[in-house]
Amino acid sequence: MRDPRYDILFTPVQIGPVTTKNRFFQVPHCNGMGHAMPLAHAAMREMKAEGGWAVVSTEECEIHPTSDLTPYVEARLWDDRDIPALALMCDKVHAHGALAAVELSHNGPTASNLYSREVLIGPSHQPSKYGYPSQARAMTLKDIREYRRWHREAALRAKRAGMDIIYVYAAHDLSLPMHFLQRRRNHRGDEYGGSLENRVRLLREVLQDTRDAVGDRCAVALRFATEELLGPEGVELSEAQDIVGLIAELPDLWDVNVAAWYNDSVPSRFAAEGAQEPFVSFVKKVTTKPVVGVGRFTSPDTMVSQIRRGVIDLIGAARPSIADPFLPRKIEEGRVDDIRECIGCNICVSGDMTISPIRCTQNPTMGEEWRKGWHPERLSPKRQASRVLVVGGGPAGLEAARALGQRGYEVSVAEARRELGGRVTREARLPGLAEWARVRDWRVGQIGKLPNVSVYLDSALSAQDVLDFGAEHVVLATGCHWRRDGFGRSNGLGIAGLADHPRVFTLDDLMDGRLPSGRVAVFDDDGFYYASIAADLLHQHGCKVTYVTPEDSVAPWSVNTLDYRHIRKRMAKQGIEVHVSHGIVAFDGATLTLENAWDGTMSERACDAIVMVTSRLPDDALYQALLLREAEWSLAGIRSLRCIGDAEAPGLIAHAVYAGHRYARELEEPSAGEVPFKRHFHAASADNLRRDG
Ligand code: ADP
Ligand code: SF4
């Protein structure tokens, strides 16, 4: 039964000619599948609709070859041949009573045109955004008329595909209507440049065009960035207030957020739930139209508060809908503690960034709906009554135990420590990573509801213990530890003399509360968030921190999770000295010798300790010991033994959760064949090759 306090979340909202069934709105989000993997894309969107989202939107949708986003894979509506892929999505979304939305976009100077080879266009002559060595040319008045025609035609195509809500996009620094608003991009002297009224002209026209084209049946939404946090070069809050005032009633729906993407989908390390409120709350005071906003909302109390306080009308979500496509249904059914809360790690974002299908730390089924047939809530029941021993209660072990338990297996989890969670419990104690504990908490909560899963803490198992236990299946999820010897991408033989040095620390030391003091160098040969967290922690601990990396930039992989700029800003604010392109050649406990990666020059500095963040080693001693005793397995009743997660190969938390989930799904199931998932063959199908070849 639903808690009556949440009733307001389930009231309909009128958006122009359409009405939502509730207030849950999956706003546009990229997914790395887009037009290249339409079946996978449609199935992923369908899952949101099935889970109760009233509106399910595409990611940004290219409207014309002059806005080609290659290598990124987004939605596409260049011509009629692109309609069926989105029609498929619409059908699947409609089947669950949800509305479908599409975010039409022409990215002007922030496109690439690497595929189409068209010349980029923009309000004025300017460099392309992403560092491609090319420029966009200034649009003529004829170009502007053409752009408006392309947008109108794309809107008509979207309507034919079955879309209910058509977006005009002016957010994220990614689309022409926004580029025309920005002083730094729009230097025009005609009626489209200069005064605010002129810079708003194109946005106003496109909104009007879209309404004229499709407004009889479709709602027109405007995605609008109210602040770019760039000062007067960007759209600032005060100007955004004027803009909203000028066109307040033109769209049927205001979808408001902060730009650019790294200020919108801020990792939880740098922003809490509801962080955008100060930037968007004014909109509802200026317009009578409904407003949707985002804030990584996972708490129904926060959602209700947002609505009751008049901040927004619809609860917008990208990440919370990825982590739990069934979030609305769970609130509706009074199962709030079943919500798999997003942890704000942005591994989902890395799918788009690395041009690969979306994945999620909390929801291992994300992106696997079509190709593996995985459903986030349903697993097939076990085929026979087997017992499974799970060794290790980190993300891999907990997810395996939870999913095996859901399948009906008799499961025992043995954890060496006195607490569950493994790495997520330990990392959650580091600065800013508290939400990592949600990976543990959701699984522990679910396991608590399963009478067939038993958990044993303080139970470090030996090989003999495992053999004596008497389970038919054994899965080892015993984790990993950070190396002390400097071995990593840049030092294939480690760093001489450091493996046993008493003043060399690892992240495990830090997480266990063994912190160095004084002048500390953090050596990052890993490239993701860990070293920057170590620097943050040591700074807070009063150390004088120097960050050293052989890479040419700080934490380079963190670009893929939108952490990068926030990390750099925090390091700068903390006064952390940064040495990129440097390796460590020697350390004697008092002096650190660095070598410039490009010219080989050596430099020395006073240093009391080093924290090595280079690579990790699996804790697989138990696995190795059991492999040596394979001959004894059958006598012990063991039919299968697997090693998964960080104990197999250290990786992201997302890898560990996925490994646990996959193990549980596949146990005692027939093997899936050589390639363990369905593939898209549309481009190279026999029909296509015959027709177009
Ligand atoms: P993963 O990310 O793969 O889940 P973690 O390092 O987070 O790995 O978790 C591994 C867990 O396994 C840790 O909590 C650790 O204490 C536990 N563990 C390691 N070896 C044993 C063992 N022999 N018996 C029981 N638990 C173990
Ligand atoms: Fe949230 Fe991380 Fe999942 Fe993205 S990957 S939805 S940030 S838990």
Side-chain angles (χ1 to χ4, degrees), residues 29-31 265-269 273 296 298 317-325 327 340-352 358-367 376 389-401 412-428 435-436 438-440 442-443 455-466 469 474-482 508 511 560-563 616-623 625-626 643-661 663:
H29 71 76
C30 305
N31 53 86
S265 299
V266 184
S268 59
R269 185 179 166 193
E273 183 178 27
R296 215 162 49 75
T298 57
R319 290 174 292 175
S321 77
I322 294 167
D324 198 338
L327 182 148
R340 206 168 33 236
E341 290 184 293
C342 166
I343 70 166
C345 60
N346 282 4
I347 291 304
C348 50
V349 173
S350 77
D352 184 56
I358 188 168
R359 74 281 320 265
C360 167
T361 301
Q362 275 283 57
N363 174 11
T365 68
M366 178 47 52
L389 171 62
V390 179
V391 185
L398 286 178
E399 175 61 13
S412 303
V413 183
E415 165 53 49
R417 293 178 179 249
R418 292 207 175 92
E419 57 186 3
L420 288 171
R423 62 178 291 187
V424 289
T425 295
R426 300 172 76 223
E427 288 186 28
E435 287 194 22
W436 269 214
R438 291 176 169 184
V439 174
R440 172 199 64 206
W442 182 75
R443 289 170 176 82
V455 177
Y456 303 93
L457 295 177
D458 213 0
S459 305
L461 299 194
S462 65
Q464 190 59 46
D465 293 333
V466 172
F469 194 85
V474 178
V475 56
L476 306 175
T478 47
C480 65
H481 63 276
W482 287 89
D508 292 307
M511 289 190 284
N560 296 313
T561 52
L562 308 176
D563 280 280
R616 291 170 281 174
L617 271 175
D619 289 331
D620 62 352
L622 180 60
Y623 181 53
L626 283 161
C643 178
I644 63 166
D646 288 319
E648 183 184 24
L652 301 171
I653 300 165
H655 293 132
V657 172
Y658 174 81
H661 191 84
Y663 172 82

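Model, not experiment: these values are computed from the prediction. First listed ligand is number 1; within each ligand, the first listed atom is number 1.
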- Task: Would you mind listing which atoms of ligand 1 come within a distance below 4.0 Å of any non-hydrogen atom of G645?
- Result: 3 (O)

- Provide the number and element of each atom of ligand 2 under 4.0 Å from a heavy atom of R319. 6 (S), 7 (S)

- Give the atoms of ligand 1, by number and element, whose distance to some non-hydrogen atom of S459 is under 4.0 Å. 24 (N), 25 (C)

- Item | Heavy-atom nearest neighbour in the protein, as seen from atom 12 (O) of ligand 1, with distance rounded to 0.1 Å | G392 CA, 3.2 Å

- Closest approach of any protein heavy atom to atom 3 (O) of ligand 1, naming residue and atom: D646 N, 2.8 Å

- Just need the protein heavy atom nearest to atom 3 (Fe) of ligand 2, so name the residue and atom and give the distance. C360 SG, 2.3 Å

- H29 NE2 to R319 CZ distance, which is reported to the nearest 0.5 Å: 11.5 Å

- Item | Subset of ligand 2 atoms that lie under 4.0 Å from at least one heavy atom of I343 | 1 (Fe), 8 (S)

- The atoms of ligand 1 lying under 4.0 Å from a heavy atom of R417, numbered in the order shown, are 16 (O)

- What is the closest protein heavy atom to atom 21 (C) of ligand 1, and at what distance does it sit? T478 CG2, 3.6 Å

- Here the gap from L420 atom CG to L457 atom CG, rounded to the nearest 0.5 Å, amounts to 5.0 Å

- Message: Strictly distance-based, threshold 3.5 Å: is any side-chain N or O of R426 a donor or acceptor partner for the main-chain N or O of G422?
- Response: no

- Message: Geometry only, no angles: is A396 polar-contacting ligand 1 at N/O separations under 3.5 Å?
- Response: yes

- Residue portion contacting ligand 1 (non-hydrogen atoms closer than 4.0 Å) for L622: side chain

- Which heavy atom of the protein is the closest neighbour of atom 9 (O) of ligand 1, given with residue, atom name and distance? G394 CA, 3.4 Å

- Query: Just which atoms of ligand 1 are under 4.0 Å from any heavy atom in A460?
  - Reply: 24 (N), 25 (C)

- Message: Distance under 4.0 Å to a non-hydrogen atom of A656: what atoms of ligand 1 satisfy this?
- Response: 1 (P), 2 (O), 3 (O)

- What protein heavy atom sits nearest atom 4 (Fe) of ligand 2, and how far away is it? C348 SG, 2.3 Å

- From H481 NE2 over to M511 CE, what is the distance, rounded to the nearest 0.5 angstrom? 11.5 Å

- Protein heavy atom at shortest distance from atom 1 (Fe) of ligand 2: C342 SG, 2.4 Å

- Within a distance under 4.0 Å of any heavy atom of G344, pick out the atoms of ligand 2 and give their elements. 1 (Fe), 7 (S)

- Task: Give the residue, atom name and distance (to 0.1 Å) of the protein heavy atom nearest atom 27 (C) of ligand 1.
- Result: A416 CB, 3.7 Å

- Look at atom 11 (C) of ligand 1 and say which protein heavy atom is nearest, naming residue and atom and giving the distance to 0.1 Å. E415 OE1, 3.5 Å

- Query: Taking atom CD of E648 and atom CG of L476, what is their separation to the nearest 0.5 Å?
  - Reply: 11.0 Å

- shortest atom 8 (O) of ligand 1-to-protein heavy-atom contact is with G479 CA, 3.2 Å

- When you look for heavy atoms under 4.0 Å from ligand 1, do you find them on the side chain of A414, its backbone, both, or neither? backbone

- Message: Applying side-chain contact (heavy atoms from CB on, under 4.5 Å) to V455 and E415, what does each step give before you reach the verdict?
- Response: CA-CA 8 Å; V455 177; E415 165 53 49; 5.6 Å; no

- Message: For the 3.5 Å polar cut-off, considering only N or O atoms, please tell me whether I644 and ligand 1 meet it.
- Response: no

- Query: Can you tell which part of A659 has a heavy atom less than 4.0 Å from ligand 1: side chain, backbone, both or neither?
  - Reply: neither

- Item | Point-to-point distance, once rounded to the nearest 0.5 Å, from CZ of R423 to CG of L652 | 7.0 Å

- Under 4.0 Å from any heavy atom of N346, which atoms of ligand 2 are there? 2 (Fe), 7 (S)

- Output yes when a side-chain donor or acceptor of N346 lies under 3.5 Å from a complementary backbone atom of T561, and no otherwise. yes

- Taking both backbone and side-chain atoms into account, decide whether C345 has an N/O/S atom under 2.8 Å from atom 1 (Fe) of ligand 2. no

- Message: Rounded at 0.5 Å granularity, tell me how far OG1 in T365 sits from NE2 in H661.
- Response: 6.0 Å

- Numbering the atoms of ligand 2 from 1, which are under 4.0 Å from a heavy atom of T361? 3 (Fe), 5 (S)

- Task: Identify the heavy atoms of C480 and P650 that sit nearest to each other, and give their distance.
- Result: CB-CG, 3.7 Å

- Note on the structure: Counting from 1 in the order shown, the ligand 2 atoms closer than 4.0 Å to a non-hydrogen atom of I322 are 6 (S)

- Message: Suppose we measure from atom 23 (N) of ligand 1 to each protein heavy atom; which comes out shortest, and what is that distance?
- Response: L461 O, 3.0 Å

